[in-house]
Amino acid sequence: MYAYLKKTYGKDQIVVKNIEHKIIGSLFRQNVLSIHWVKNSLLIQTKDKIIIYDPKKGKISIFKNISLIIEKIVYSYKTWKFIIEVINNDESIHIFLVNLEDNNISKLICLRNKDKISLYCNMDKPLKKIVKNYIYKRTEQNKYQRIDSCFDKNYSYIVENGTIYKLNGFIDRYVYMQDDIVLSIGNFITPTQIMLFSDFLEFRKDIKKDGFSHKWINGIPVYDNELIAEETIVFLHGGPNSSFLPLFDYLIYYLSNIKKRRIILLNYPGSTGYSKAYQTSLYGNGGRIDLDSIMSVILSLKINTEACIVIGESYGGYLATMLAFTSELTFNKCVSINGFTDLFFQYIFSPARQVILKYFDISDRAHVKNVNPIELAKHKKITQELIFLHSTNDKICPIGQIQELLKTYKETFSDVHCNQLSLEKIDDISHEQFDINERIKLTSKLITVLEK
């Protein structure tokens, strides 16, 4: 099992997956400071409490928070009694014995300047053995390797003692394991896998390059597989406070392999991972500068739009819908996956209403009319096929607004034009498809739609 922390609509979400990357547990909490494994349970430290979460049983135990930020679990007797490592502001390392049941904390030792050891309490033999073993491993770890990792949007780099090694893919985490380093690495077409750094050094074992290169088009960052092909797919991520990174995505993997296509993954303004100015530039400008940036990239790359399919998820689905209504160019298809089509519907009925408030000025009704698809459906004819691929139980972007847009459009225009709009419903998938089986189901449905 492994766990990671992510932001989901203003809350901290702890996701637990098994080795096959299938979700086996998920928990939402506020103000999470750190997460650690203690035996088969997860210790979650928040601002005011400590939560012990057993993802397999779904059991949650809540304890009063301790007055320390836990850096590392050194040893655990039980899920509520363990030894922790804490690093002070002066970079001195302190070791404590913690018992959550009676909220008792005992300081054991202090490693100051990496070599001076001070004993703070009398330790029994078993405890001395644990601490001695911890000090030995820490010393050996420092002696063996001091490494750092970085990522330049195309490759990951491991820096070891001044020597730089380049790897294909994105290293999302690495840990010391005895006398080696275990890397977690993947890319767009290779599922995240575990790799030993020693194997890379000795055998140059690496994952296969995914074929995508990161580049800037008119100040807009994109990933492009640069294939010469008849068909092009422009993919727009959700969020919009998100971005495409070389992490495995079954949908991108399948689109890349089922047919020779040029695929462009576009990180429009508002995307994370670049600069604060780039991320915040979309505030109050939704439906304007993001659409301008997409059109700028498409025109600069001289893409044949009649053989171009625009696919967007969530907020990207909104953008795909807006392109279908507002672009003077004719695309082969625009596909919205779990997108939204009514700003006011989304504001009232979605738990993600903060997205609407942040990126749109809904108090300016004149402005809203130009960036709200439901309003455009009352007077704008589309010139390309617009397909809504939507989950029937989507709570983030409820399907009701899609049905209302189709109804409005049919009431305004003739049957000939109405045939260009369609809704394909999908049962039993969530808005974001954290489960790989949901992602496979969505991909299968999308491929069916694209091949019609």
Side-chain angles (χ1 to χ4, degrees), residues 153 188 212 214-225 231-247 249-256 261-274 278-279 281-282 285-301 303 305 308-327 329 331-341 343 346 352 355-356 359-360 371 373 382 384-391 394 396-397 402 431-433 439 442-443 446 449-450:
K153 306 296 182 183
F188 287 120
F212 285 87
H214 184 273
K215 57 188 179 183
W216 295 80
I217 310 293
N218 296 337
I220 309 302
V222 303
Y223 282 95
D224 184 356
N225 68 356
E231 192 173 274
T232 301
I233 289 179
V234 175
F235 215 125
L236 309 172
H237 62 74
N241 59 330
S242 177
S243 67
F244 287 112
L245 272 177
L247 295 168
D249 186 324
Y250 185 84
L251 197 155
I252 294 172
Y253 161 75
Y254 203 81
L255 289 175
S256 300
R261 294 183 175 98
R262 185 177 187 180
I263 297 179
I264 296 166
L265 310 172
L266 202 152
N267 286 329
Y268 51 84
S271 299
T272 55
Y274 295 97
Y278 192 75
Q279 184 178 342
S281 64
L282 193 60
N285 290 310
R288 292 189 290 186
I289 66 169
D290 38 17
L291 288 178
D292 290 344
S293 69
I294 295 165
M295 290 306 302
S296 172
V297 169
I298 290 171
L299 291 171
S300 293
L301 293 177
I303 294 169
T305 55
C308 176
I309 300 170
V310 179
I311 302 173
E313 295 192 77
S314 193
Y315 188 92
Y318 158 76
L319 293 177
T321 304
M322 285 295 295
L323 280 174
F325 275 107
T326 63
S327 175
L329 301 175
F331 296 98
N332 180 283
K333 289 182 182 70
C334 289
V335 183
S336 166
I337 301 174
N338 290 339
F340 58 88
T341 56
L343 302 185
Q346 192 72 358
V355 171
I356 304 300
Y359 297 101
F360 301 93
V371 297
I382 62 171
Q384 54 257 308
E385 190 176 359
L386 173 58
I387 303 166
F388 296 98
L389 203 57
H390 214 97
S391 168
D394 189 342
I396 306 300
C397 295
I402 311 297
H431 178 76
E432 294 178 297
Q433 308 99 54
R439 197 66 173 166
L442 171 65
T443 302
L446 176 63
V449 166
L450 295 182

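What you are looking at is a predicted structure, and each value in this text was computed from that prediction instead of being measured. Note: hydrogens, waters and symmetry copies are ignored here, and every other heavy atom, side chains too, is used.
- You'll find the ring centres of H237 and Y315 outside the 6.0 Å limit.
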For this session: Apply the test side-chain contact (heavy atoms from CB on, under 4.5 Å) to residues C334 and T321: give CA-CA distance (whole Å), side-chain angles for both, the deciding distance (0.1 Å), then the verdict.
Result: CA-CA 7 Å; C334 289; T321 304; over 6 Å; no
Problem set entry | CA sep, side-chain torsions, deciding dist, call: S336, E313, side-chain contact (heavy atoms from CB on, under 4.5 Å) | CA-CA 6 Å; S336 166; E313 295 192 77; over 6 Å; no
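- Remark: the backbone N or O of H431 is paired with a side-chain donor or acceptor of Q433 at under 3.5 angstrom.
- Ring centers of Y318 and F360: under 6.0 Å apart, within the cut-off.
- Atoms OH and CG, from Y359 and D290 in turn, are 10.0 Å apart once rounded to the nearest 0.5 Å.
- Taking 4.5 Å as the limit, some side-chain heavy atom of K333 sits within range of a side-chain heavy atom of I387.
- In this structure the side chain of F325 reaches within 4.5 angstrom of the side chain of L386, judged on heavy atoms.
- In this structure, CD1 in I337 is found 5.0 Å from CG in L446, a value given to the nearest 0.5 Å.
- Residue I233 holds its CD1 atom at 4.5 Å from CG of L255, rounded to the nearest 0.5 Å.
- Residues satisfying the ring-ring contact (aromatic ring centres under 6.0 Å, His included) test with Y254, not counting sequence neighbours, are Y250.
- A donor-acceptor pair is defined here as one N or O able to donate and one able to accept, closer than 3.5 Å; no such pair exists between the side chain of S300 and the backbone of V297.
- When side chains are defined from C-beta on, V234 does not count as touching I311, because their heavy atoms never get closer than 4.5 Å.
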For this session: Would you sort out whether S391 and N338 count as a side chain to side chain donor-acceptor pair (under 3.5 Å), showing the intermediate values?
Result: CA-CA 6 Å; S391 168; N338 290 339; 5.0 Å; no
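- Taking 4.5 Å as the limit, some side-chain heavy atom of P221 sits within range of a side-chain heavy atom of Y274.
- Remark: aromatic rings of Y223 and F188 are close, center separation under 6.0 Å.
- At least one donor-acceptor pair under 3.5 Å links the side chain of Q384 to the backbone N or O of A324.
- Checking side-chain atoms of Q346 against main-chain N and O of I396 turns up a donor-acceptor pair under 3.5 Å.
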For this session: Output, in order, the C-alpha distance, side-chain angles, deciding distance and verdict of side-chain contact (heavy atoms from CB on, under 4.5 Å) for F340 and I356.
Result: CA-CA 10 Å; F340 58 88; I356 304 300; 4.1 Å; yes
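- Considering N225, D224, T232 as possible partners of R262, the one that fulfils the side-chain hydrogen bond (donor to acceptor under 3.5 Å, both in side chains) test is D224.
- Looking at L450 and V335, their side chains come closer than 4.5 Å, going by heavy atoms from C-beta outward.
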For this session: Decide side-chain contact (heavy atoms from CB on, under 4.5 Å) for S256 and R261; before the verdict, give the C-alpha distance in whole Å, the side-chain angles of both, and the deciding distance to 0.1 Å.
Result: CA-CA 7 Å; S256 300; R261 294 183 175 98; over 6 Å; no
Going by atom type alone, with no hydrogens or angles, which donor-acceptor pairs under 3.5 Å involve a side-chain atom of residues 238-245 and a protein atom two or more places apart or on another chain?
from, atom 1, to, atom 2, distance (Å)
S243, OG, T272, O, 3.2

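- By the 4.5 Å heavy-atom criterion applied to side chains, F235 and I264 are not counted as neighbours.
- Taking the side chain as every heavy atom from C-beta outward, N332 and E231 never approach each other to under 4.5 Å.
- Taking 4.5 Å as the limit, every side-chain heavy atom of L301 sits out of range of all side-chain heavy atoms of V222.
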